[in-house]
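Indexing begins at 1, ligand by ligand and atom by atom, following the structure's order. What you see is a predicted model, and the numbers here were worked out from it, not measured in a lab.
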Amino acid sequence: MSTIDGLPPLREVIATHGLVAKKSMGQNFLLDLNLTAKIARQAGDLTACDVLEVGPGPGGLTRGLLVEGARRVLAVEKDARAMSALAEIAAIYPGRLEVLNADALAIDPLAHLTPPIRIVANLPYNVGTELLTRWLTPKAWPPVWSSLTLMFQKEVAQRITASPGSKAYGRLAILSQWRSEPRVVMELPPEAFTPPPKIHSAVVHFEALPEPRFEANAATLQRITATAFQQRRKMLRASLKGLHPEISDLLESVDIKPTARAEEIDVEHFCALSRALDAA
Ligand code: SAM
């Protein structure tokens with residue numbers, strides 16, 4: 001069967017290289033190359049960009065990124081079993097694909113790339129949210145990357161794009177919407193993956209804003225939102241009391257009712273609170 005790039009179909013790649021999916025590595029592979037090319041297109045024009053892909057596995061999305069014209073792809077994969085399959089892709093795209101056999105949480109792959117940088121990944125849930133938090137909270141802004149295009153559980157995608165007052169609204173929505181413009185660009189049913197996971201998935205595309213919507217220190221904002229949403233049903237004067245002895249006064253100074261709950265407070269007011277806490 002012919003494929004978009006002349007390489008073997010992914011089922012054959014998996015059989016040849018013994019890449020039976022491991023649950024412990026969060027492996028649910030995308031085997032439809034038309035679908036992976038479509039995901040790659042959601043990242044925008046790749047032709048003048050370096051792309052960081054985390055967790056390429058057998059390389060379906062990697063091949064999509066290269067077919068869509070990525071200037072250069074750096075693929076970071078923890079599972080050593082995938083290296084031989086990825087080397088075959090690198091061989092037909094000379095100088096355009098570099099593969100690192102590493103844990104993406106243990107290294108800083110962005111240091112290996114030249115801006116403009118786009119990040120594209122289909123990662124296990126816990127790794128994805130941890131990396132997202134890191135990419136959204138560097139001290140300085142704008143970051144080295146210009147966009148993120150990431151697959152999440154649908155429920156996590158809803159948390160990222162949620163508005164104040166909704167059940168899904170929390171720390172992830174605030175960190176994401178503070179410094180970027182996240183939007184859900186695709187939804188995928190379980191059958192799109194091999195093996196199929198129990199949940200539905202969604203691709204979220206984040207464009208980095210040139211500057212944060214409101215001034216705040218990333219570490220303080222993270223601390224406040226983590227504390228406030230840990231007990232989301234409690235009034236803020238109670239949930240945040242460990243942060244400052246006069247927390248009610250501090251809340252009132254930025255127009256937040258001390259009796260309000262975390263889920264009612266928008267990004268602007270969380271940023272104002274974070275500035276007030278830093279100043280106090
Ligand atoms: N991108 C491939 C696709 O779409 O078919 C694979 C997706 S699979 C959901 C997640 C991939 O991330 C697996 O190949 C897994 O081995 C890899 N992975 C898991 N944890 C990782 C980590 N900490 N660093 C790098 N890769 C990781």
Side-chain angles (χ1 to χ4, degrees), residues 3-5 7-15 17-43 51-68 70 73-90 97-113 118-135 148-154 156-157 185-204:
T3 55
I4 51 175
D5 50 15
L7 283 163
L10 283 153
R11 272 186 208 288
E12 204 176 302
V13 171
I14 286 173
H17 297 272
L19 282 174
V20 178
K22 274 192 192 166
K23 215 174 171 184
S24 61
M25 290 261 192
Q27 294 180 338
N28 301 95
F29 300 134
L30 291 167
L31 303 187
D32 177 348
L33 289 164
N34 291 314
L35 181 61
T36 61
K38 188 173 171 194
I39 296 170
R41 286 197 291 278
Q42 306 304 318
V51 178
L52 169 64
E53 186 197 356
V54 186
L61 186 53
T62 322
R63 288 164 66 175
L65 293 165
L66 289 161
V67 162
E68 290 302 318
V73 177
L74 172 65
V76 181
E77 171 58 60
K78 193 171 166 181
D79 188 350
R81 297 178 310 156
M83 293 303 118
S84 54
L86 295 167
E88 286 181 359
I89 307 172
L97 172 62
E98 189 189 334
V99 182
L100 278 183
N101 183 196
D103 177 346
L105 294 169
I107 59 164
D108 178 14
L110 290 170
H112 297 250
L113 297 172
R118 295 192 187 273
I119 302 179
V120 184
N122 171 20
L123 271 167
Y125 160 62
N126 55 343
V127 182
T129 42
E130 168 62 31
L131 285 174
L132 172 65
T133 306
R134 288 188 196 182
W135 289 329
L148 311 172
T149 307
L150 308 174
M151 180 88 70
F152 291 103
Q153 289 187 11
K154 191 174 165 188
V156 176
V185 289
M186 275 173 83
E187 293 196 5
L188 289 94
E191 314 79 75
F193 302 84
T194 303
K198 289 199 178 72
I199 39 90
H200 283 247
S201 303
V203 177
V204 185

How close do [X] and [Y] get, counting heavy atoms only, and between which atoms?
{"X": "Gly60", "Y": "Leu33", "value": "O-CD2, 3.8 Å"}
{"X": "Leu74", "Y": "Pro109", "value": "CD2-O, 3.6 Å"}
{"X": "Leu150", "Y": "Val120", "value": "CD2-C, 4.5 Å"}
{"X": "Ala85", "Y": "Leu19", "value": "CB-CD1, 4.2 Å"}

Pairwise side-chain contact, [X] with [Y], heavy-atom cut-off 4.5 Å (strictly under):
{"X": "Arg118", "Y": "Leu65", "value": "no"}
{"X": "Ser201", "Y": "Phe152", "value": "no"}
{"X": "Asn28", "Y": "Pro195", "value": "yes"}

Would you say [X] and ligand 1 have an N/O pair spaced under 3.5 Å apart?
{"X": "Asn28", "answer": "no"}
{"X": "Asn122", "answer": "yes"}
{"X": "Val127", "answer": "no"}
{"X": "Pro124", "answer": "no"}
{"X": "Leu105", "answer": "no"}

Using a 4.0 Å cut-off to any heavy atom of [X], which atoms of ligand 1 qualify?
{"X": "Glu53", "value": "1 (N)"}
{"X": "Gly57", "value": "14 (O)"}
{"X": "Val76", "value": "25 (C), 26 (N)"}
{"X": "Met25", "value": "15 (C), 16 (O), 19 (C)"}

* To do: Check the pair Asp79 / Gln27 against side-chain hydrogen bond (donor to acceptor under 3.5 Å, both in side chains), numbers first and verdict last.
  => CA-CA 10 Å; Asp79 188 350; Gln27 294 180 338; 2.9 Å; yes

Measure [X] to ligand 1 on non-hydrogen atoms and call it side chain, backbone, both or neither using the 4.0 Å cut-off.
{"X": "Ala102", "answer": "backbone"}
{"X": "Pro56", "answer": "backbone"}
{"X": "Thr62", "answer": "neither"}
{"X": "Met151", "answer": "neither"}

* Among the heavy atoms of Gly26, does any lie under 4.0 Å from an atom of ligand 1? -> yes

* Asked: Among Gly128, Ala106, Ala104, Ala80, whose heavy atom sits nearest atom 24 (N) of ligand 1?
  -> Ala104

* If hydrogens are left out, which of Lys78, Arg63, Glu77 has an atom nearest to atom 17 (C) of ligand 1, that is, the closest non-hydrogen atom? -> Glu77

* side chain to side chain contact (heavy atoms under 4.5 Å, CB included) between Leu30 and Leu188: does it pass, once the steps are laid out? -> CA-CA 10 Å; Leu30 291 167; Leu188 289 94; 4.2 Å; yes

Tell me: protein heavy atom nearest [atom], and distance?
{"atom": "atom 11 (C) of ligand 1", "value": "Gly55 O, 3.4 Å"}
{"atom": "atom 23 (N) of ligand 1", "value": "Asp103 OD1, 2.8 Å"}
{"atom": "atom 5 (O) of ligand 1", "value": "Leu30 N, 2.8 Å"}

* To do: Return yes when atom CZ of Arg11 has more than 12 non-hydrogen atoms of other residues, nucleotides or ligands closer than 6.0 Å, and no otherwise.
  => no

* Mind running side chain to side chain contact (heavy atoms under 4.5 Å, CB included) on Met186 and Met151 for me, showing each step along the way? => CA-CA 9 Å; Met186 275 173 83; Met151 180 88 70; over 6 Å; no

* To do: Just do the side-chain hydrogen bond (donor to acceptor under 3.5 Å, both in side chains) check on Glu53 and Thr62 with the steps written out, would you?
  => CA-CA 7 Å; Glu53 186 197 356; Thr62 322; 2.6 Å; yes

